[in-house]
Amino acid sequence: MKQQYTKRDILRLVEEEDVEFIRLQFTDVFGNFKNVAITASQLEKALDHNFMFDASSIQDFAGIEDADMYLYPDLDTFTIFPWRPQQGKVARFICDIYKSDRTPFEADPRYILKKELERAASMGYTFHVGPECEFFLFHLDDHGQGTTETHEKASYFDLGPLDLGENARRDMVLTLESMGYEVESSHHEVAPAQHEIDFKYDEGLRTADNIMTFKLAVKTIAKRHGLHATFMPKPKQGMNGSGMHTNMSLSRDGKNVFYDPNDEYGLSKEAYYFIGGLLKHTKGMAAITNPLVNSYKRLVPGYEAPLYLGWSATNKSPMIRIPKGRGEDTRIELRSPDSASNPYLVLAVCLAAGLDGIQHKIIPPKSLKKQVASFTQEEYKDANIESLPQNLGEALSGLKASEFIQKILGESLCNQYLSVKEKEWEDYERYVTSWEIEQYLYRI
């Protein structure tokens, strides 16, 4: 149940819990947490929405003309960090960003998600999301910086002593639970040093907030164990990459609208249309759901990651699958996103695509009953199966071709995003890698 705080509640809690510092957190365009710290003496000013910061100092976030902006704390995101001192504690709020004229900042990712959630609400829907966040735990070097080294050999569902990250993962789960998370499960993943922690589904905005806090907590607790946690999609060649499978459902009047007991797969018309919308807009969304050059090193054959546009209620190889649970557990799982993405933007474009499918009654192709990886070229052709973008350049072209996704993101954010990501792709294409040196230097 979401905590409902008032201003009076916050002031009382800060005094009773001996909170000395409060972090006013917000998320930049690319999903990085930022913050400004204030002391408890300045809390009332922040709660009255009178705390201003210089947004132009954040690279690729706002122009000089948008320099002075306000941080509006969301009271229900108030959390005391359990890893900080017990005397003079540190708490935080996640904030919305408002311009100097007191209107919402259009390029605030949280605002973009809120707009889509309001659109869903106007149609009578509540959007629920359950993420599956994977990450790696690697050693630190002598300077305390992360490496890609591990002594571990564990795989799926292994336990200690084979799972060398077991203690760190346990502390992560306990820390998250002390912060109000309901953790459903945690386990070692398929690759050495790879882990997954799944927390219970929640309403869309709270889930995006939870993902951001989750990543911060995981990195912080890992450091305390002398490890480096990374959500990089593919940190090591020859191993499985890390994704963020995103389980979605819509409810109306407290009932899951994706469920129909009379359907072959237990799915309603709204569920089929939602799938249709996701498939229609996948290529336009890819630069958001998979935002890095490295993201596309994960989406390759042989490592369980999705490669093709399609859906299935019977196998897990396509991009969209329908997990076995029905009734209130009926959900659509999008398997392509990774945790390097900005969760506010990912959930905004996913919801927008699904609602577009419902509004325009977009019927998806038939469910893929056979593992896609085993298809022959003839079967691919007959099934009319398209591939996900194969690199960031293709994904950016997909975004530029999609007026629908551009409209969801808004002109300001979309222009910033494309500018930075096109430069990233251009730099990568021009970079001479160690692989090229090894392959060509001595024999050409």
Side-chain angles (χ1 to χ4, degrees), residues 20-21 23 25 27 30-35 37 79-92 131-181 183-199 210-244 292 294-295 297-298 338-341 343 434:
E20 288 290 343
F21 288 91
R23 297 187 182 276
Q25 297 181 328
T27 306
F30 305 103
N32 301 305
F33 244 161
K34 304 289 184 180
N35 80 201
T79 300
I80 297 174
F81 288 142
W83 58 78
R84 301 299 296 167
Q86 291 305 298
Q87 290 186 333
K89 295 176 183 177
V90 178
R92 76 93 198 268
E132 301 174 19
C133 297
E134 297 172 338
F135 57 94
F136 281 86
L137 295 176
F138 292 126
H139 295 315
L140 300 173
D141 65 16
D142 292 339
H143 303 288
Q145 299 300 307
T147 70
T148 57
E149 296 176 2
T150 179
H151 296 147
E152 198 191 77
K153 305 295 184 184
S155 187
Y156 259 140
F157 305 124
D158 279 335
L159 63 160
L162 194 58
D163 175 4
L164 299 180
E166 186 178 59
N167 290 339
R169 195 174 68 242
R170 180 198 62 221
D171 282 357
M172 291 168 189
V173 170
L174 294 174
T175 297
L176 290 165
E177 287 192 332
S178 74
M179 297 172 72
Y181 281 68
V183 177
E184 291 193 327
S185 66
S186 65
H187 61 88
H188 196 286
E189 261 291 339
V190 63
Q194 188 183 30
H195 303 265
E196 178 176 317
I197 297 175
D198 300 331
F199 42 95
N210 285 346
I211 292 170
M212 293 302 302
T213 305
F214 168 83
K215 291 166 74 172
L216 176 63
V218 165
K219 285 179 171 289
T220 301
I221 302 306
K223 195 90 169 182
R224 291 195 160 197
H225 282 261
L227 297 167
H228 175 70
T230 180
F231 292 89
M232 183 177 176
K234 188 82 166 186
K236 297 193 79 168
Q237 180 183 342
M239 290 186 179
N240 283 48
S242 290
M244 185 181 72
L292 306 182
N294 183 256
S295 295
K297 306 292 178 73
R298 167 183 164 249
D338 60 55
S339 295
S341 58
S434 58

Separation between CZ (R92) and CZ (F81), nearest 0.5 Å, reads 5.5 Å
What are the two closest heavy atoms between K219 and A229, and how far apart are they?
NZ-O, 2.9 Å
Do S155 side-chain atoms and A191 backbone N/O form a donor-acceptor pair below 3.5 Å?
no
Between E166 (side chain only) and L159 (backbone N and O only), is there a donor and an acceptor less than 3.5 Å apart?
no
Pairing residues for D141 by the side chain to side chain donor-acceptor pair (under 3.5 Å) criterion, not counting sequence neighbours:
none
Residue list, side chain to side chain donor-acceptor pair (under 3.5 Å) with K89, at least two apart or on another chain:
E17
I'd like to know whether Q145 forms a side chain to side chain contact (heavy atoms under 4.5 Å, CB included) with L140, so could you lay out the CA-CA distance, the side-chain angles of the two residues, the decisive distance to 0.1 Å, and finally the verdict.
CA-CA 5 Å; Q145 299 300 307; L140 300 173; over 6 Å; no
Applying salt bridge (charged side-chain N to carboxylate O under 4.0 Å, His left out), name anything that partners K297, two or more places apart in sequence or on another chain.
none
Would one find more than 12 heavy atoms of other residues, nucleotides or ligands at under 6.0 Å from atom CZ of F21?
no
So which heavy atom on S339 is nearest to which on G243, and how close?
OG-O, 3.7 Å
If I take atom CD from residue E132 and atom OG from residue S242, how far apart are they, to the nearest 0.5 angstrom?
12.5 Å
Sequence neighbours left out, what passes side chain to side chain donor-acceptor pair (under 3.5 Å) with R170? Give chain and number order.
N167
To the nearest 0.5 Å, what is the distance between NE2 (H139) and OG1 (T150)?
5.0 Å
In this structure, CG of D338 is separated from CG of L292 (nearest 0.5 Å) by 6.5 Å
Is there a side chain to side chain contact (heavy atoms under 4.5 Å, CB included) between T213 and Y181 once you walk through the steps?
CA-CA 10 Å; T213 305; Y181 281 68; 3.1 Å; yes
For S186, run the side-chain contact (heavy atoms from CB on, under 4.5 Å) check against D198, L176, I197 and tell me which one passes.
I197
Just so I know, are the side chains of P192 and K153 near enough to count as touching, which here means a heavy-atom distance under 4.5 Å?
no
Shortest non-hydrogen contact from N35 toward Q25:
CB-CG, 3.7 Å
Quick one, H188 with E152, criterion side chain to side chain contact (heavy atoms under 4.5 Å, CB included). Give me CA distance, side-chain angles, the key distance, then yes/no.
CA-CA 11 Å; H188 196 286; E152 198 191 77; 2.4 Å; yes
Closest non-hydrogen contact found for L137 with A168 is CD1-CB, 4.2 Å
How are the rings of F135 and F231 set relative to one another: parallel (under 30°), tilted (30 to 60°) or perpendicular (over 60°)?
tilted
For R169, enumerate each residue passing the salt bridge (charged side-chain N to carboxylate O under 4.0 Å, His left out) test, keeping only those at least two apart in sequence or located in another chain.
D163
To the closest 0.5 Å, what do you measure between CZ (R23) and OG1 (T79)?
13.5 Å
Could you give all pairs that pass the side-chain hydrogen bond (donor to acceptor under 3.5 Å, both in side chains) test and reach residues 227-241, with sequence neighbours left out?
none
Less than 4.5 Å apart, side chain to side chain, heavy atoms only: is that true for M232 and T148?
no
Spatial distance of atom CZ (F138) from atom CD (Q194) [nearest 0.5 Å]:
8.5 Å
If you draw the axis of the six-membered ring of F33, does the NZ or CZ of K215 fall within 45° of it and under 6.0 Å from the ring centre?
no
Using the rule given for side chain to side chain contact (heavy atoms under 4.5 Å, CB included), can you reason through W83 versus L216, listing the C-alpha separation, both sets of side-chain angles and the distance that settles it, and then say yes or no?
CA-CA 11 Å; W83 58 78; L216 176 63; 4.2 Å; yes
